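On a predicted model such as this, the values are computed, not experimentally measured, just so you know. Only this structure's heavy atoms are used, side chains among them; waters, hydrogens and symmetry mates stay out. In what follows, every chain begins at residue 1, and chains take the letters A, B, ... in the order their sequences are listed.
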Amino acid sequence: MGGGAAGIGAAGAARQADPGAAVTVFTEYEDVAYSPCGIPYVHGKEIPSFEALFLQTKEAYVKAGIDVCYETRVSSVDTTRREVQVEGRGTVPYDRLILATGFDYADPGVPGGDLGGLYYVKNIRRAMEWDRVLDSVKTAVVVEASPLGLEMITALAHRGITVHVVDPHPWALAELADPDIMRPVEESWAEMGITTHFGTRVEAFLGEGTVRAVRTTAGEIECDLAVICTHKQPNARLAAAAGLALGSTGGLVVDERMATSAAGVFAAGDCTELPHGVNRVPIACLTGSHAYAQGKVAGTNAAGGSRVYQPVYVPWGMVAGTWMVGGASFGETLATALGIPFVMGVADGISRARYYPGVRKVRVKLLAEPAGHRLIGAQMVGGEGIKERADFLGVAVRTGITLEDLATMENVYSPPIGALNEPISVAAQNALASLRR
Amino acid sequence: MRARFSRWLRVNSEHYLLESAQAEMAKRYLGRSVPATERGLVPGLWRHLFVPMYHRLPQRLRQSAIEAMPGSHRRHWSEPPPRPHIPGIQ
Ligand SMILES: Cc1cc2nc3c(=O)[nH]c(=O)nc-3n(C[C@H](O)[C@H](O)[C@H](O)COP(=O)(O)OP(=O)(O)OC[C@H]3O[C@@H](n4cnc5c(N)ncnc54)[C@H](O)[C@@H]3O)c2cc1C
């Protein structure tokens, strides 16, 4: 159930594990195998067309022996009888079921939520329709500077649209990133003409039929469009109704084989919750890359193979304004919120040799446990190389690398791609120096 | 019932612990205090009772409370494989 990254990953892996298996995918949408992650960049005109976002043709699935049922909604699941109810088809039996029903945006829960002109970015067909609407939009409000919010803010500004950001937190991406990391992003937004309203809640969407303004705790903002980028929530409604166990995040409880609490039922992607590798707190609604990898594990096991997933350390990164931000595991804000003790080191370095054209500042912040100095998290802002550093630091946390390891790490120096001093190493050296003081 | 309680606890504790940490970070990095956007008795109880109590609990007790909640962390997850060790090499 589900034709997103998790569902399609699962279908392919199931066929690979057992080429004789009959695999059926049900999706509410018109398409599968497109990258929703690319949608903001088509809106921003960095990518010329939506067609580029399709990764496979519909025929490719027919050839691969996967029966994809488009625009087909599953309305209920019966795990005792091992069957699902499919709208327009009736009862469909299964030997193994994989739930990959994804996420929903949190309901803003204010009056006017049913007006036209409120855009929830997800389905590519709707995105194509909204893209035409964007041609006539002069002013847009982006509700919440979440990861998707960050991408949409920058995209709309690239499109020449006047953008207002309304967010209840004190800075952008405040549920994930630290304020010193986000400051350059917010400054670049100001230079791009984007207006931010932090510490501000949406109270209502106003208009007759279509939104014409957003009423907030800081006053009314006139607009032609509101893009709702509230945080993601697991879509596990059918699973809950079928009696499957959900965790404190509202996501499906799974084990390392992505098996749920019901025999023969697996789950993958944003509808599940996974334990964090550092403190085992379950977290839900991770990223597309997590969803795809989990789908492969679920699909393999459902078809009789054997594969395990592991607790997560969540490397993340994205372009925001004229910067790239990223990190892995905990930042200072999250560690403080959770009461996790840490020592910290910060370095302000550069992305290339200081004389090489295009050099950018890079800020790296490392958090480590006070006793053994093993890394527990990192955050960064800069230009090129943030993604690779985030991936590396995710593995560093996972494998128990210490500040001492990082302070003495070897690094690549080549003027166009890396500076003599690697900021990660300098941040670790600074952390150790501050401990000696 | 237990799942519903743990969801309620998670949503609220996450919200108010994060809000308190954000206020601390805003003071440290932005040099300003952040006024709370929701007022009233219930938010007040979370802010002035739950958050300080949570932070006063010893880390081990906090971790045990988290681990006692229902969720994926209670199912089986293998420990990560040990760091590489080549026989004959220390
Ligand atoms: C605009 C946008 C940008 C993104 N950018 C990034 C990025 O830069 N990097 C990254 O890693 N990830 C990104 N993501 C990925 C995203 O955040 C999720 O992690 C990912 O989409 C989760 O995949 P999924 O398969 O679990 O769920 P979804 O993608 O939510 O797919 C759910 C599927 O379930 C189907 N479904 C649900 N209920 C039913 C039902 N009852 N019957 C039949 N079918 C049903 C839907 O039709 C859909 O096919 C982005 C997503 C969006 C929308």
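- Taking both residues in full, the closest heavy atoms of A:A378 and A:L366 are given as CB-CD2, 3.8 Å, listed atom of the first, atom of the second, then distance.
- The nearest pair of heavy atoms linking A:Y313 to A:G394 is CB-O, 4.0 Å.
- Every residue meeting the side-chain hydrogen bond (donor to acceptor under 3.5 Å, both in side chains) condition with A:E256, not counting sequence neighbours, appears here in chain and number order: B:H76, B:S78.
- A side chain to side chain contact (heavy atoms under 4.5 Å, CB included) with A:F330 is found for one member of A:L375, A:L176, A:N279 and no other, namely A:N279.
- Among residues two or more places apart in sequence or in another chain, the side chain to side chain contact (heavy atoms under 4.5 Å, CB included) test is passed with A:A242 by A:V77, A:L244.
- Neither the backbone nor the side chain of B:E19 has a heavy atom closer than 4.5 Å to any heavy atom of chain A.
- Residues of residues 42-60 of chain B that come closer than 4.5 Å to chain A, counting heavy atoms only, are B:Y54, B:H55, B:Q59, ordered by residue number.
- Using modelled atom types, one side-chain atom of B:S72 and one backbone atom of A:E273 make a donor-acceptor pair closer than 3.5 Å.
- In terms of heavy-atom pairs under 4.5 angstrom with chain B, the leader among A:R201, A:Q310, A:H169 is A:R201.
- Contact count versus chain B (heavy atoms, under 4.5 Å) is highest, among A:T217, A:T200, A:V254, A:L252, for A:V254.
- Heavy-atom distances place both the backbone and the side chain of B:L18 under 4.5 Å from chain A.
- Looking only at heavy-atom pairs under 4.5 Å with chain A, the residue among B:R62, B:R32, B:R75 that has the most is B:R75.
- Heavy-atom distances place no part of A:I181 under 4.5 Å from chain B, backbone and side chain included.
- Among A:A335, A:S261, A:A174, A:P170, the residue making the largest number of heavy-atom pairs under 4.5 Å with chain B is A:P170.
- Taking A:T272, A:L246, A:L334, A:L274 one by one and counting their heavy-atom pairs under 4.5 Å with chain B, the maximum is reached by A:L274.
- Listed options A:D255, A:I340, A:T249 were ranked by heavy-atom pairs under 4.5 angstrom with chain B; first place goes to A:D255.
- For A:T101 (side chain) and A:N235 (main-chain N/O), a donor-acceptor pair under 3.5 Å exists by modelled atom type.
- In this structure, A:Q294 contributes its side chain and A:G269 its backbone to a donor-acceptor pair below 3.5 Å.
- Neither the backbone nor the side chain of B:R74 comes within contact range of chain A; no heavy atom of the residue lies under 4.5 Å from a heavy atom of that chain.
- Between chain B and the options A:G247, A:G277, A:P179, the largest number of non-hydrogen pairs under 4.5 Å is found for A:P179.
- Neither the backbone nor the side chain of A:R257 comes within contact range of chain B; no heavy atoms are under 4.5 Å apart.
- Side-chain contact between A:R307 and A:N301 is present, with heavy atoms from C-beta onward closer than 4.5 Å.
- Within the structure, every pair that satisfies the side-chain hydrogen bond (donor to acceptor under 3.5 Å, both in side chains) test and touches residues 333-343 of chain A, not counting sequence neighbours, is listed here: A:D178-A:T333.
- A:P370 approaches A:P341 most closely through the heavy-atom pair CD-O, 3.5 Å.
- Residue B:Q63 touches chain A through its side chain alone, counting heavy-atom pairs closer than 4.5 Å.
- When every heavy atom of B:S33 is checked against every heavy atom of B:K27, the shortest pair comes out as CB-CE, 4.1 Å.
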